[in-house]
Undergrad: 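One structure, as structure tokens, below. Some questions next.
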Amino acid sequence: MTLSKLLTTTAAATMMALPAFAMDVTIAQTSAVNTLDPHGSASVGLDLSVLSHIYPTLILRAPDYSLQPSLATDWEAVDDNTWKFTLTEGATFANGEPLDAETVAWNIARVTDAENPKRISSWFSQIDGVNVISPTEFEITTSSPYPALPAQLSMFMLLPPEWASEHDPVTETMSGFKYQMTEYVPGDHITLSPNPDFWGEAAQFDSVTFRVIPETASRVAALMAGEVDLINKVPASEIARIEESPNATAGAVDSTRSVFIKFNTEKAPLDNKAFRQALNYAVDKELIADALFDGLATVSNCQVMTPDYFGYNPDLEAYPYDPERARELLEESGVDLSQTIEFELPAATYLQGEEVTQAVAQMFGDVGVKTEIQTMEFGAYLDKYRAAHDLGRLSLLGQAWATIDADGLLTLFKPGNQYSYWNDEAFDEQLVAGIATTDPEEREAAYKKATEIMCEEAPVVFLYAQPATFGASTRVTYEGRGDDWLRAFDMSPAD
């Protein structure tokens with residue numbers, strides 16, 4: 001549908017009214033940035049959060065999850081397979097290259113080049129091409145209906161074509177948005193300063209530093225000491241202590257990220273349905289939510305989507321905690337319980353992930369399933385998960401999708417997807433049906449069936465929606481957001 005002109009006018013007026021402030025802020029991150037190429041990462045809470053300050057997107061996802069104008073001032077579905085966009089006139093990168101329709105077309109061609117795929121190429125596999133109408137107008141045509149395309153474009157950042165042909169975007173940047181990179185010490189910090197040539201709302205801060213602090217206790221201590229202004233993944237047990245500090249506040253909002261135990265069903269015994277179901281009955285999810293997260297985590301009702309997603313199925317019920325039923329299913333499965341199964345844990349990645357993994361491993365042990373926790377750096381885990389396609393039989397994993405739509409998140413379990421590690425034809429049929437139409441009722445019906453199949457087949461242990469906990473210094477105002485974006489322009493200087 002066409003974006004409201006009133007919304008565009010109001011947003012523009014608000015941006016014009018905001019003044020610039022002389023203030024430096026520091027945001028703590030749990031891990032180092034892996035790449036500076038925005039097409040080479042899908043990590044919203046890490047790489048893309050930093051790069052979203054430097055590179056423009058057509059559309060921005062606001063903290064309340066609404067889609068807001070950015071480079072694009074308007075967009076509409078012309079028909080089932082065509083979207084039309086209108087761009088801000090006169091926008092440029094810092095080097096003078098135009099942010100126009102030809103630049104958008106070049107960027108889309110870059111990520112849809114089958115001979116040189118990028119990390120995010122799968123997001124746009126349905127795109128057939130771009131029709132440039134004028135410098136400020138273009139159409140995107142798709143091979144099939146793509147109702148979530150505008151939401152997906154909120155994650156798609158634009159590079160300057162001429163600059164990219166002479167520089168390496170993996171290690172260098174050229175600003176086209178609010179900030180430009182002024183210092184990069186790999187593994188330690190990235191410092192940004194305002195882009196004086198930015199075509200939109202002026203940056204609110206004189207500098208923004210993203211500082212790598214992997215240890216949770218160190219991040220909390222830095223916040224309370226006034227050394228950083230924003231942290232996330234705050235343990236629930238620390239929120240009250242931070243609130244008592246004169247330098248900081250803390251809180252939590254509902255998250256779009258589900259945490260679960262990922263099964264590699266390509267390896268025995270996780271190819272055994274009874275064994276997978278047994279592990280779901282073996283875990284006391286309510287105890288984990290209450291004891292580890294002070295009730296801030298919501299137990300997943302047998303699906304990986306949270307209620308904010310289009311396609312969420314409210315009719316499913318979680319596997320109850322039933323160790324006796326787990327033991328019965330283990331016996332039915334015929335699996336040799338004398339073996340020890342590897343249980344991979346990406347370190348310093350998920351909120352209280354270490355505690356959750358230990359609790360789950362203990363619960364598995366209580367029903368006779370022996371595991372060995374193998375802790376590894378997140379990058380090493382991703383290499384196994386994605387590049388080597390050799391994930392351990394069990395692993396702790398949290399996933400979300402920035403479109404907040406079933407056709408994004410559920411696709412991570414689609415047969416043939418490198419992230420799936422599960423091959424279910426009936427599930428796949430429903431995903432195909434869900435993306436074959438723009439009719440909301442037909443899509444919801446397809447995803448309802450898909451989630452029912454997934455619940456029954458249990459390719460994961462469904463755990464909980466991770467609470468989006470945060471701490472902010474009293475120097476800034478920040479309300480928190482549940483979709484992983486960690487952005488300075490979601491903050492403002494405190495009054």
Side-chain angles (χ1 to χ4, degrees), residues 14 18 21 23 25-31 43-50 52-53 60-68 151 154-155 178 204-205 208-211 213 216 219-224 226-259 289 292-298 305-309 348-353 398-404 464-495:
T14 301
L18 289 172
F21 291 83
M23 182 175 173
V25 293
T26 300
I27 299 173
Q29 289 192 302
T30 59
S31 302
S43 179
V44 172
L46 185 61
D47 304 336
L48 296 186
S49 282
V50 175
S52 69
H53 295 72
L60 276 178
R61 174 80 76 179
D64 65 359
Y65 304 155
S66 63
L67 297 177
Q68 300 288 334
S154 71
M155 300 172 67
K178 295 177 182 291
Q204 287 185 290
F205 302 108
V208 177
T209 298
F210 285 88
R211 180 179 160 194
I213 309 179
T216 299
R219 289 198 306 278
V220 172
L223 175 70
M224 295 178 68
E227 297 172 4
V228 302
D229 297 287
L230 181 62
I231 65 174
N232 62 357
K233 301 179 183 176
V234 176
S237 59
E238 294 279 28
I239 290 178
R241 187 166 73 94
I242 293 172
E243 283 281 271
E244 294 173 358
S245 165
N247 296 326
T249 61
V253 297
D254 291 337
S255 167
T256 61
R257 177 171 297 278
S258 287
V259 175
L292 297 184
F293 295 102
D294 289 346
L296 295 175
T298 302
M305 289 185 291
T306 67
D308 288 310
Y309 281 78
T349 302
Y350 305 113
L351 179 66
Q352 296 168 246
Q399 288 181 322
W401 200 265
T403 62
I404 318 181
Y464 55 86
Q466 177 175 287
T469 58
F470 64 91
S473 77
T474 53
R475 301 170 64 239
V476 300
T477 298
Y478 180 75
E479 295 184 358
R481 57 187 301 162
D483 59 354
D484 288 347
W485 288 108
L486 202 59
R487 292 167 159 169
F489 50 88
D490 288 333
M491 299 190 292
S492 60
D495 293 335

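Remember, predicted model here, so these are calculated numbers, not experimental data.
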Undergrad: Could you state the interatomic distance from OG (Ser237) to CG (Leu292), rounded to the nearest 0.5 Å?
TA: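 Spacing of OG (Ser237) from CG (Leu292) equals 9.5 Å.
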Undergrad: Grab the two heavy atoms, one from Tyr65 and one from Asp254, that are nearest each other, plus how far apart they are.
TA: OH-O, 3.7 Å
Undergrad: Measure across Met155 and Ala402 and return the closest heavy-atom pair with its distance rounded to 0.1 Å.
TA: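 Heavy atoms of Met155 and Ala402 come nearest at SD-CB, 2.8 Å.
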Undergrad: Strictly distance-based, threshold 3.5 Å: is any side-chain N or O of Asp64 a donor or acceptor partner for the main-chain N or O of Ser66?
TA: yes
Undergrad: Kindly give the heavy-atom pair with the smallest separation between Ala28 and Leu486, and that separation in Å.
TA: O-CD2, 3.9 Å
Undergrad: Between Lys233 and Thr349, is there a donor-acceptor pair closer than 3.5 Å when you use the side chain of the first and the backbone of the second?
TA: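 Yes: the side chain of Lys233 pairs with the backbone of Thr349.
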Undergrad: Indicate yes or no: at least one non-hydrogen side-chain atom of Leu296 is less than 4.5 angstrom from one of Ile239.
TA: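 Yes - at least one pair of side-chain heavy atoms lies under 4.5 Å apart.
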Undergrad: With sequence neighbours excluded, what pairs up with Tyr350 under the ring-ring contact (aromatic ring centres under 6.0 Å, His included) test?
TA: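 Here no residue qualifies.
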Undergrad: Does the side chain to side chain contact (heavy atoms under 4.5 Å, CB included) test come out yes or no for Met224 and Ile242, once each step is laid out?
TA: CA-CA 7 Å; Met224 295 178 68; Ile242 293 172; 4.2 Å; yes
Undergrad: To the closest 0.5 Å, what do you measure between CZ (Phe205) and CD1 (Ile27)?
TA: 8.0 Å
Undergrad: Listed by chain and number, what are the salt bridge (Lys or Arg N to Asp or Glu O under 4.0 Å) partners of Arg61, not counting sequence neighbours?
TA: none
Undergrad: Kindly say whether Val253 contributes a backbone atom to a donor-acceptor pair with the side chain of Glu479 at under 3.5 angstrom?
TA: no
Undergrad: Does any pair with a residue in residues 486-495 pass salt bridge (charged side-chain N to carboxylate O under 4.0 Å, His left out), and if so which ones, sequence neighbours excluded?
TA: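 Found Arg481-Asp490.
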Undergrad: Any side-chain to backbone donor/acceptor pair from Ser49 onto Trp485? Under 3.5 Å, distance only.
TA: no
Undergrad: Who passes side chain to side chain contact (heavy atoms under 4.5 Å, CB included) against Ser31, sequence neighbours left out?
TA: Leu46
Undergrad: Identify all side-chain donor-acceptor contacts of residues 466-474 below 3.5 Å with residues at least two apart in sequence or on another chain.
TA:
unit_1 : atom_1 : unit_2 : atom_2 : d
Gln466 : OE1    : Leu351 : N      : 3.2
Thr469 : OG1    : Val234 : N      : 2.8
Thr469 : OG1    : Val234 : O      : 2.7
Ser473 : OG     : Asp229 : OD1    : 2.7
Ser473 : OG     : Arg475 : N      : 3.3
Thr474 : OG1    : Asn247 : O      : 3.4

Undergrad: Tell me the closest heavy-atom pair linking Asp484 and Ala400, and the distance in Å.
TA: OD2-CB, 4.3 Å
Undergrad: Which pairs with one or both residues in residues 235-246 pass salt bridge (charged side-chain N to carboxylate O under 4.0 Å, His left out), sequence neighbours excluded?
TA: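 Pairs touching residues 235-246 that pass the test: Glu238-Arg241.
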Undergrad: Rounded to the nearest 0.5 Å, what's the gap from OH on Tyr464 to OG on Ser255? Could you check?
TA: 10.5 Å
Undergrad: Evaluate Met23 against Val476 for side chain to side chain contact (heavy atoms under 4.5 Å, CB included), listing each step before the verdict.
TA: CA-CA 10 Å; Met23 182 175 173; Val476 300; 3.6 Å; yes
Undergrad: Arg219 vs Thr30, test: side chain to side chain contact (heavy atoms under 4.5 Å, CB included). Steps then yes/no.
TA: CA-CA 8 Å; Arg219 289 198 306 278; Thr30 59; 3.3 Å; yes
Undergrad: Can you tell me how far CZ of Phe293 sits from OG1 of Thr298, rounded to the nearest 0.5 angstrom?
TA: 11.0 Å
Undergrad: In Å, rounded to the nearest 0.5 Å, how long is the span from CG of Leu223 to CD1 of Ile231?
TA: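 The CG atom of Leu223 sits 4.5 Å away from the CD1 atom of Ile231.
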Undergrad: Between atom CZ of Arg257 and atom CD of Gln399, what is the distance when rounded to the nearest 0.5 Å?
TA: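 Spacing of CZ (Arg257) from CD (Gln399) equals 7.5 Å.
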Undergrad: By the definition side chain to side chain contact (heavy atoms under 4.5 Å, CB included), identify the one residue from Val50, Val25, Leu230 that meets it with Val208.
TA: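 Running side chain to side chain contact (heavy atoms under 4.5 Å, CB included) over Val50, Val25, Leu230 with Val208 returns exactly one hit, Val25.
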